[in-house]
Amino acid sequence: MATDRDNGHRPARRPALEPPGRLGPSERETAWRRLGSEQFDVVVIGGGVVGVGTALDAVTRGLRVALVEARDLASGTSSRSSKLFHGGLRYLEQLEFGLVREALRERDLMLSRLAPHLVKPVAFLYPLTKRFWERPYVTAGLILYDTMGGARSVPRHRQFTKAGALRLMPALRRNALIGGMRYFDAQVDDARHTLTIARTAAQYGAVVRTSTQVIGFLREADRVCGVRVLDCETGERTEVKAHAVINCTGVWTGEIQRLSGSRGRFRVRASKGVHLVVPRDRIVSESGLILRTEKSVLFVIPWRNHWIIGTTDTEWNLDLAHPAATKADIDYVLDHVNRVLVTPLTHEDIEGVYAGLRPLLAGENEQTSNLSSHNLSSHKLSRTHAVARVSPGLVAIAGGKLTTYRVMAASAVRAAAPDIPRLIRRSITDRVPLLGADGYHALVNQVEELGHRYDIHPYRICHLLDRYGSQLHDVLAAAVDRPDLLAPITSTPDYLRAEVVYAASHEGALHLEDVLTRRTRISIEYPHRGVACAEEVADLMAAELGWDAATRNREIAVYTARVEAERDSQTQPDDEAADARRSAAPEARPQVASALM
């Protein structure tokens, strides 16, 4: 079996004082040099949750790993989900017991061991509307859900009379239910979770680089042996050598397969899901809500001082980078939730709207899986993942769901094993806490003391702990010499100025939209959608990233145009019109659009 010495390559030494998992400007320069000079075991394409999960899985098996992402970490589906870590209660009806059991195990791991600072329990009320048969039917499902692992880290389900359900959720119309049942799942800030996995992979030695687009593949005979990449900030190009390349690009899977010149083993189609964000006081409730619709289910999810309501499920064949919500999408969500609310929601109540694309497996051939796409509905396929060795040196993975990203990652690395000339140890990510998890519970018990130390209200400390965990001290370190960083961002009281500085210095944020849409969720949590604080945030980023006045002004202009285009698209009647309005906005990373030309 080949070793590092046999191959003549050794991983570059990390500077002794480098903070673990830091993705700052200096680390970005180092990563570029390493990409062009080292031999990697695995190159992962795609900075979504499956991509970063694959990088973490591979590097903790002892492999030399690089991950490249054309835009930003979680810039696609992984920042635009329903933000739930759930077992999939409705899949019990489809007799998908293995899928539910697997998802519940993953949810339990996140809550108890891997990311307790990021993943939190969340309650849902299931309103009963049919007499006699519905309560025993749903009760049987929830007992099974609890028995399969659903109640290890969260409370068991509970039965409610009509009066009890209305006390739990006074916002419901009296004729909307005859009783109810409450059960628990879990929720997460999907973008922050993805970022944290990426930083954890970097902590263990993976090269993680955003704004780095794959523009071609390296080959030796019929074998893929690396990729050609473009730095989308500077225009530089280099070649990255690897024993195996893993395509984890979700809805872009087909584009990467075509670029590689390899015949794909499965097709991925994009399904658009639209969510609305409204203020918490618009729906009076102590619990979230799950409703059956004619197509699937609709969630009303508590989210800090807000509710997230969604989602839709419609085919999308337009711009994959910027899916657009239409007026029809928004009306659909409002119409369904208003059927059960005493005080209907209006368009004026909406603080934010976001649209994401689910990568659904639309078809497979017999070489990929023993599943047949002909006898599975697209909805069931959407929650099944497929992995294939497309050609020697190239693996592709797609499908699945946020909750099972870790299982998908292990499958991808396992599939790449035949191409890697060294010992592949078993996956251990079920025992690798994400960055910020270690020490989190102790810090929760010290909230009052931490508040006095940093002169911050304990409520603010709790908010920071639930975003950064034990990395809290690193976030606030810059404020030791700059107490102004402890002040909230103008017009966005939920976030501190220090968080912007940390996003640019430690979390790989390169553009204004990276901070306003993913490092924070300002773009969906405030009616101004980030425009009111764009100048202040840009000034803070400029000091960290060395922007000149022209760059700073361009960042503000590009972000403002993005928000205007999104608002405009949300007034359009159909996908084509909405896409045309959204696509008219300039790109924060303009070289991405022309990289393959």
Is there a side-chain contact between [X] and [Y] (heavy atoms, below 4.5 Å)?
X      : Y      : result
Asp190 : Ser78  : no
His86  : Lys401 : yes
Thr520 : Glu525 : no
Leu320 : Leu357 : yes
Glu536 : Arg497 : yes
Arg414 : Val387 : no
Val432 : Tyr204 : yes
Val68  : Val240 : no

Query raised in the report: After noting the C-alpha distance and the side-chain angles of Arg552 and Asp539, does the key distance pass the salt bridge (Lys or Arg N to Asp or Glu O under 4.0 Å) rule?
Result: CA-CA 7 Å; Arg552 177 251 191 208; Asp539 288 340; 2.8 Å; yes
Between [atom1] of [X] and [atom2] of [Y], what distance do you get to the nearest 0.5 Å?
X      : Y      : atom1 : atom2 : answer
Asn247 : Thr253 : CG    : OG1   : 5.0 Å
Thr517 : Arg80  : OG1   : CZ    : 8.0 Å
Leu516 : Leu512 : CG    : CG    : 4.5 Å
Met541 : His511 : CE    : NE2   : 8.0 Å
Trp316 : Leu360 : CH2   : CG    : 15.0 Å
Leu230 : Glu233 : CG    : CD    : 10.0 Å

Query raised in the report: How far apart are the C-alpha atoms of Leu496 and Leu476, what are their side-chain angles, what is the distance that settles it, and do they pass the side chain to side chain contact (heavy atoms under 4.5 Å, CB included) test?
Result: CA-CA 10 Å; Leu496 298 181; Leu476 298 178; 4.2 Å; yes
Ignoring hydrogens and geometry, is there a side-chain-to-backbone donor-acceptor pair from [X] to [Y] under 3.5 Å?
X      : Y      : result
Thr200 : Leu435 : yes
His193 : Leu118 : no
Arg223 : His243 : yes
Thr210 : Glu69  : no
Thr212 : Ala70  : no
Lys272 : Ala325 : no
Ser260 : Gln257 : yes
Thr30  : Ser26  : yes
Ser79  : Ala74  : yes
Tyr405 : Gly51  : no

Query raised in the report: Can you list the steps and then say if Ser82 with His275 is a side chain to side chain donor-acceptor pair (under 3.5 Å)?
Result: CA-CA 7 Å; Ser82 296; His275 295 80; 2.7 Å; yes
Using 4.0 Å as the upper bound for N to carboxylate O, is an ion pair formed by [Y] and [X]?
X      : Y      : value
Arg562 : Glu513 : yes
Arg28  : Asp231 : yes
Arg33  : Glu38  : no
Arg105 : Glu102 : no
Glu499 : Arg519 : no
Asp514 : Arg589 : yes
Arg422 : Asp41  : yes
Arg22  : Asp474 : no

At their closest point, which heavy atom of [X] faces which heavy atom of [Y], and how far apart are they?
X      : Y      : answer
Ala55  : Leu67  : CB-CD1, 3.9 Å
His117 : Thr196 : NE2-CG2, 4.3 Å
Ser505 : Glu544 : CB-OE1, 3.6 Å
Leu510 : Trp547 : O-CZ2, 3.4 Å
Val119 : Leu111 : O-CD2, 3.4 Å
Asp438 : Pro433 : OD1-CG, 3.8 Å

**Report entry** Single hit among Arg521, Arg518, Lys83 for salt bridge (Lys or Arg N to Asp or Glu O under 4.0 Å) with Asp189
**Finding:**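 Of the listed residues Arg521, Arg518, Lys83, the salt bridge (Lys or Arg N to Asp or Glu O under 4.0 Å) partner of Asp189 is Arg521.
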Query - Donor-acceptor pair between Thr551 and Asp548 side chains, under 3.5 angstrom - result: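 There is such a pair between these side chains.
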Requested in this report: Go through the steps to decide whether Glu27 and Arg209 satisfy the test salt bridge (Lys or Arg N to Asp or Glu O under 4.0 Å), and finish with yes or no.
Outcome: CA-CA 9 Å; Glu27 289 78 16; Arg209 202 171 195 275; over 6 Å; no
Requested in this report: Give the intermediate values and the outcome of side chain to side chain contact (heavy atoms under 4.5 Å, CB included) for residues Val224 and Val390.
Outcome: CA-CA 10 Å; Val224 171; Val390 178; over 6 Å; no
Query - side chain to side chain contact (heavy atoms under 4.5 Å, CB included) evaluation trace for Ser523 with Tyr354 - result: CA-CA 9 Å; Ser523 66; Tyr354 64 93; over 6 Å; no
Query - Criterion side chain to side chain donor-acceptor pair (under 3.5 Å) on Ser569 and Arg581, from CA distance to verdict - result: CA-CA 5 Å; Ser569 70; Arg581 301 300 179 91; over 6 Å; no
Query raised in the report: Checking ring-ring contact (aromatic ring centres under 6.0 Å, His included) for the pair His506/Tyr468: CA distance, chi angles, key distance, verdict?
Result: CA-CA 12 Å; His506 287 68; Tyr468 305 98; over 10 Å; no
Report task. Check step by step if side chain to side chain contact (heavy atoms under 4.5 Å, CB included) holds for Leu35 and Val207. Result -> CA-CA 8 Å; Leu35 287 177; Val207 175; 4.0 Å; yes
Query - Atom NZ of Lys241 with >12 non-hydrogen neighbours under 6.0 angstrom - result: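 Open: at most 12 neighbouring heavy atoms sit under 6.0 Å from NZ of Lys241.
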